[in-house]
Undergrad: 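Mind having a look at this structure? Questions to follow.
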Amino acid sequence: FAIRSSLIAQGEIAPDAKAPRTYKELEKANSTLVQQIVARREAESEYGQTFELSDRAMAQISTRDGTVIRANAKFAEMVGATIEQVSGHGLDAVAHPEDLATYTCATEDLTVPPPVNTEMRWHRTNGEQIWVRMNMLVIRDNQGRPLHGVLTVDDITEEHARGVQISQLSRDLAHLARGNTMGQMASGLAHELNQ
């Protein structure tokens, strides 16, 4: 390029002279790279929109220390904070201390796949306790090194409360059934004694 430019500047080659074949190859390679860059930017934009507009709480988690790199609005809403307040902090700030071991084990070494569908309790910033189901997967580069984790979180507080209520109703029903059986046995025994 430099030599050709110099020759054109010195007037030894006409500016409209046929370019060497390597120029066309470089031009084609440049065009291909530009197309790939545009396609990558579109894919990143689509991913960003999917992440931001998702109706599920999502966060990107650091593979080094488990802190939130990026979170969507639904995640921040679930925690009861703003996106800025959530970013840079670990989930240990919201996780119930008794359930924190589950999450800590999952993020200590993200080279090993963490547990899927982990349920745990969180404390929102207003002090309210909620139950969540978390699912995390690790995004890796071409060499298999972890880049970051993608965490999806669902609020299962109502589902958990229904499960507790169903368990209580089952215990009550079993107690009534035992009482009914005892009543039938007493009635049968009284009948036999009368006979």
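Positions are given from 1 along the sequence.
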Undergrad: With sequence neighbours excluded, what pairs up with Glu44 under the side chain to side chain donor-acceptor pair (under 3.5 Å) test?
TA: none
Undergrad: If you compare all heavy atoms of Ser87 against all heavy atoms of Ala71, which two are closest, and at what distance to 0.1 Å?
TA: OG-N, 4.5 Å
Undergrad: Show every ring pair (Phe, Tyr, Trp, His ring centres under 6.0 Å) that has at least one partner inside residues 48-93, sequence neighbours left out.
TA: Phe75-Trp122
Undergrad: Which residues pass the side-chain contact (heavy atoms from CB on, under 4.5 Å) test with Gln129, not counting sequence neighbours?
TA: His96, Arg121, His123, Trp131
Undergrad: Are the side chains of Val132 and Glu119 in touch, meaning some heavy atoms are under 4.5 Å apart?
TA: no
Undergrad: Enter the distance from Thr181:OG1 to Met185:CE here, rounded to the nearest 0.5 Å.
TA: 8.5 Å
Undergrad: Specify the closest pair of heavy atoms between Ala59 and Val68, including all atoms of both residues, with the distance to one decimal.
TA: CB-CG1, 4.2 Å
Undergrad: Is the shortest heavy-atom distance from the side chain of Met134 to the side chain of Leu91 under 4.5 Å?
TA: yes
Undergrad: Looking at every non-hydrogen atom in both residues, tell me the closest pair between Val79 and Val94 and how far apart they are.
TA: CG1-CG1, 3.4 Å
Undergrad: By the salt bridge (Lys or Arg N to Asp or Glu O under 4.0 Å) test, which pairs, at least two apart or in different chains, include something from residues 47-58?
TA: Glu52-Arg70, Arg56-Asp154
Undergrad: Looking at Lys74 and Ala57, what are the two nearest heavy atoms and their distance?
TA: CG-N, 3.6 Å
Undergrad: Test of understanding: with side chain to side chain donor-acceptor pair (under 3.5 Å), list the residues that count as partners of Glu159, not counting sequence neighbours.
TA: Arg133
Undergrad: Starting from Ile83, walk the hydrophobic network (Ile, Leu, Val, Met, Phe, Trp, Tyr; side-chain heavy atoms closer than 4.5 Å) and list everyone else you reach, by chain and number.
TA: none
Undergrad: List in chain and number order the residues that pass side-chain contact (heavy atoms from CB on, under 4.5 Å) with Glu192, two or more places apart in sequence or in another chain; answer none if no residue qualifies.
TA: none
Undergrad: Taking it one step at a time, do Thr63 and Leu147 satisfy side chain to side chain contact (heavy atoms under 4.5 Å, CB included)?
TA: CA-CA 7 Å; Thr63 57; Leu147 297 172; 5.9 Å; no
Undergrad: Quick check: closest heavy atoms across Val138 and Pro146, and the distance to 0.1 Å?
TA: CG1-CB, 3.6 Å
Undergrad: Which residues pass the side-chain contact (heavy atoms from CB on, under 4.5 Å) test with Asn142, sequence neighbours left out?
TA: none
Undergrad: Under the salt bridge (Lys or Arg N to Asp or Glu O under 4.0 Å) rule, collect the residues that match up with Glu46, sequence neighbours excluded.
TA: none
Undergrad: Taking atom CE of Met58 and atom CG of Asn135, what is their separation to the nearest 0.5 Å?
TA: 10.0 Å
Undergrad: Between Ile69 and Ile61, is there a side-chain heavy-atom distance shorter than 4.5 Å?
TA: no
Undergrad: Give the minimum heavy-atom separation between Gly80 and Arg124, together with the two atoms involved.
TA: CA-NH2, 3.5 Å
Undergrad: By side chain to side chain donor-acceptor pair (under 3.5 Å), which residues pair with Glu25, not counting sequence neighbours?
TA: Arg21
Undergrad: I'd like to know whether Val34 forms a side chain to side chain contact (heavy atoms under 4.5 Å, CB included) with Thr32, so could you lay out the CA-CA distance, the side-chain angles of the two residues, the decisive distance to 0.1 Å, and finally the verdict.
TA: CA-CA 5 Å; Val34 167; Thr32 302; over 6 Å; no
Undergrad: Please name the residue in the list Arg140, Gln60, Arg64 that meets the side-chain contact (heavy atoms from CB on, under 4.5 Å) test with His148.
TA: Gln60
Undergrad: May I ask you to decide if Arg41's main-chain N or O and Ser45's side chain share a donor-acceptor pair within less than 3.5 Å?
TA: no
Undergrad: Just jot down the side chain to side chain donor-acceptor pair (under 3.5 Å) partners of Asp141, sequence neighbours excluded, or say none.
TA: Arg145
Undergrad: Test of understanding: with side-chain contact (heavy atoms from CB on, under 4.5 Å), list the residues that count as partners of Leu7, not counting sequence neighbours.
TA: Ile3, Gln10, Glu12, Ile13
